[in-house]
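Have a look at the structure below before the remarks.
First the proteins, then the strands, lettered A, B, ... as listed; each starts at 1. Quick caveat, the model's predicted, so the values are computed rather than measured.
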Protein chains: 2
Amino acid sequence: MASSIHDLARHLNISIGTVSRALNGRADVNADTRQRVLDAAKKLNYSPNQSGRSLRRGATHSIAFMLQPHPGDQEYGEPFFIPFLTGLQAKLAESGLDLIVVMGAPGDYQQERLRRVVETRRADAVVLAWTRREDERIDYLTQAGFPFATLGRSRSGGDSYPSLDLDFEKAGADAVDRLVARGHRRIAAIRPSLDLNFGYLFLAGYRKALRRHGIEFDPELVADGFINEAGGYAVTPKVMRSKDPPTAIIFNNDAMALGGCKALAETGIRPGHDIAVIVIVDTPLCRYFSPALTGFRPALEPMGERLAEMLLASIPAFAGPEGARIIREVWPLELIARDSD
Amino acid sequence: MASSIHDLARHLNISIGTVSRALNGRADVNADTRQRVLDAAKKLNYSPNQSGRSLRRGATHSIAFMLQPHPGDQEYGEPFFIPFLTGLQAKLAESGLDLIVVMGAPGDYQQERLRRVVETRRADAVVLAWTRREDERIDYLTQAGFPFATLGRSRSGGDSYPSLDLDFEKAGADAVDRLVARGHRRIAAIRPSLDLNFGYLFLAGYRKALRRHGIEFDPELVADGFINEAGGYAVTPKVMRSKDPPTAIIFNNDAMALGGCKALAETGIRPGHDIAVIVIVDTPLCRYFSPALTGFRPALEPMGERLAEMLLASIPAFAGPEGARIIREVWPLELIARDSD
DNA sequence: TGTTTTTCCGTAAACGTTTACGAGAACACA
DNA sequence: TGTGTTCTCGTAAACGTTTACGGAAAAACA
C-alpha cells in the first residue's frame with residue numbers, strides 16, 4: 001500500500017541508498033537527483049516507515065506523558081492538562097515526534113507504569129507532571145539515565161533535568177499581601193493533602209508573607225485535602241471551626257475552591273460577602289463562578305510548548321549543533337482581580 | 001542496553017528462531033526449552049523491541065485518539081475526556097497497545113492531522129470523539145479503509161464502524177418530562193453551536209417530549225453557543241429576552257450551564273429559585289455548584305474500556321478466533337436529581 | 001598527459017523481530 | 001529392518017530504513 005524507499009528507487013532507477021540520502025538532506029548527492037527524488041516522493045505520496053526508521057536509528061520518535069488522574073473518588077480529570085498537552089504536542093509534532101499518554105489509576109504513583117515505559121523503550125523520553133517534593137519517579141529516571149522533563153519542581157534528582165514550574169511561592173505571598181492590604185489578618189490556606197510540591201511552595205510563600213506582615217502562623221488555619229471538589233468540601237469546615245475563624249481563605253486550585261464554597265454556602269457564609277476567597281490556579285470556572293473568583297492565571301499552552309523545547313534541547317540526539325543543555329524555568333503567575341476578595 | 005532475542009539465544013545456546021517461537025507460544029517447541037526461555041527472559045529482563053516487531057508484523061501497536069480542544073477562545077479543555085481516556089488506555093494496554101493522542105488547534109476540524117496519521121501509518125487505528133452530524137473525518141476513514149471507532153454517532157459512514165454513544169435523545173426527553181411534571185411549560189434549551197451530533201440528538205428528544213406533552217415548540221427558547229462557559233454566558237440572555245420567558249432551562253453541558261447561571265445571576269435571577277436548571281452531562285461541577293445542579297451522569301471510564309474492546313473486536317488482526325465484528329452501542333444517561341429544578 | 005582531488009552513487013550490512021522451510025532425531029508401526 | 005510420522009529445532013529471508021565503505025567518473029591541478 002504505502003510506498004517505500006524501494007518503490008522510489010525503482011521508479012527513478014537509482015539505488016535506495018541514494019534515495020535515502022537525498023531524502024535526509026545529506027551533502028553527497030547531486031542537486032539534480034535530489035530534486036528528482038523529492039518530486040517522486042511527493043508524486044508517489046511517500047512517507048517514511050517509522051518502524052523501519054526507529055529500528056535502524058534505535059529511537060522510537062515518541063515522547064510519553066505520564067498523565068496523573070486525581071486521587072480520591074474522582075471520576076473527572078484535571079482540565080489543567082489539556083491546554084498544556086496541546087502546546088506540548090504541537091511543538092513535538094514539529095520535530096516529527098509523537099506524544100503518547102500513559103495514564104495511571106487514581107492514587108497510583110505511576111512507578112510501575114513508568115518502569116514499563118522505560119524498560120520496553122516505548123518512548124525516547126518522558127514528561128512528568130504533578131511533581132512531588134521527594135519524587136521516586138525522578139530518582140528512578142535519573143538513576144536509569146532515561147531522558148525526561150518535568151512540569152513542576154522537586155527536591156529529587158538535583159538540577160540534572162529540565163523543569164518548568166509556576167511560581168507558586170510568589171503567588172502564595174501575593175495572595176496574602178493582597179488580603180492583608182484589604183484588612184484581613186486571619187487568613188486560611190487550603191492545599192492538597194499529598195506531598196505535591198506546589199502545595200509546599202504555596203505554603204512557604206504564605207508563611208513568609210505572614211511573617212513579613214507580623215502575623216503569627218496559626219496551624220488551625222491550614223488544612224490539607226484531596227485536590228478536588230470533594231477535598232475542598234471536606235476540609236473547609238475544619239478551618240472555619242477555629243476558635244478565631246478566618247476572614248479569608250486561599251485555595252490551591254479551583255476545584256477545591258468550588259467544594260469549599262459549597263461547604264461555606266451550606267452554613268450560610270457567602271464568599272465575596274462574608275469571607276474573602278482567592279484561588280491560586282485560575283480557570284474559566286473562577287471567572288464564571290458567582291462571585292467571580294480572584295485567581296492567578298498560568299499560560300498553559302505556551303508552557304507546553306516551552307517544556308517541549310526544553311526537553312528536546314536536553315537530549316543530545318535532538319539538540320541542534322550547539323549541543324545539549326539543561327534549562328530550568330519558573331514562570332510567573334499573573335493575578336486576575338475579580339469579585340471574591 | 002536492553003537485552004534482545006539474540007542475547008537470550010546466546011545465553012541459552014539455542015537459535016533465535018526457537019527463542020522467538022517459545023516467547024510467542026507457538027506449538028512446535030519443546031515444553032522444557034520453552035520454560036528455560038521464559039526463565040531466561042525474566043532473568044535477563046527481556047522485553048521485545050517494538051520497532052523490530054512492528055516492522056516485521058507491519059503494525060505499529062498503537063492507537064491514536066484525536067483529541068478535540070474546545071472551539072472558541074478557551075484556554076482550558078474538556079475534563080470529560082480524561083476518565084474516558086483512562087479507561088481506553090487501560091484496556092488497550094492489556095493488549096500491548098499504546099495510546100497516542102493527537103490534538104488539533106481549537107476550531108480545527110482535524111482533517112489535516114488525521115490524514116497525516118493515516119498516511120504515515122503512525123497508528124493501527126484511530127478513535128474519534130465529538131462526532132458531527134455529517135463528519136468528513138468518518139467519510140475519509142471509511143473511504144481510506146482505515147480502522148477506527150467513534151465516541152458518538154454520526155450520519156456519515158453508515159454502520160461500517162464501531163461506535164459508542166450516550167442516549168442524549170432520551171436524556172433530552174427525560175429532562176423535559178421531569179420539568180413538565182414539576183409544572184413547567186416554557187422550557188428553554190441551550191446547546192452547542194456546532195453541528196456536534198449530540199446537540200442534534202438532545203434537541204430531537206427535547207422536541208419529541210414537548211410534542212408529547214402538547215407544548216408547542218418555540219424557536220425563541222432554543223439557542224446555540226460555544227460549548228463552554230463563554231458560550232453559555234453569551235447565549236442565555238437571548239432566551240430570557242423572549243416575550244414569554246422560560247421558567248426552566250436545559251443546558252447541554254456543565255460549562256455552558258455555569259456561564260448561563262452567571263448571566264442569570266447578573267440579572268438577579270437565582271437558579272433553583274426563580275428558574276429551574278437541568279444539565280445533560282453531569283460533572284463534579286454540577287454536584288458542588290450552589291445550588292447543586294440536576295444532571296445526567298455518564299459512566300465515562302467504563303465507556304473508554306468498552307470502546308477499546310469494540311475497536312479491537314472490529315479489527316481482524318486483533319479480534320480473537322471468532323472473527324471481527326462491528327459493535328455499536330448506545331448507553332443510558334442516568335438522571336441525578338439535585339437542587340436546581 | 002599524468003596525478004590528485006572531488007563529486008556522486010551503488011553495495012551491503014545492520015537494527016530486532018517473525019516465520020516459512022527443511023532437516024535431523026526419535027518414535028511408531030508393519 | 002525398513003518406512004512413515006511426529007517433535008523439535010536451526011537456517012535464512014524478510015520487513016524499511018540508515019550509513020560506512022569503496023569505487024567510478026568527473027574535475028582540478030601540475
Between D/dT17 (C1') and A/Asp7 (CG): distance, integer Å: 13 Å

DNA chain D: 5'-proximal contact among B/Arg57 and B/Ile14 (nearest heavy atom): B/Ile14

Side-chain (A/Asp124) to main-chain (A/His61) donor-acceptor, under 3.5 angstrom: yes

Polar pair under 3.5 Å, donor/acceptor by atom type, side chain B/Arg53, base C/dT17: no

Donor/acceptor link under 3.5 angstrom from A/Arg121 side chain onto base of C/dG16: no

Check: D/dG16 base within 3.5 Å donor-acceptor of B/Arg56 side chain: no

Integer-rounded Å distance: C/dT17 P and B/Asn49 CG: 5 Å

A/Ser163 versus A/Thr150, closest heavy-atom pair with distance: CB-OG1, 3.1 Å

Separation of atom CD1 in B/Ile16 from atom P in D/dG10, rounded to whole Å: 11 Å

Per B/Leu55 side chain, nearest of listed nucleotides D/dC9, D/dG16, C/dT19: D/dG16

Side chain of A/Arg21 (C-beta onward), nearest among D/dG16, C/dC8, C/dG10: C/dG10

A/Phe65 and A/Phe81 aromatic ring geometry - parallel, tilted or perpendicular at 30°/60° bounds: perpendicular

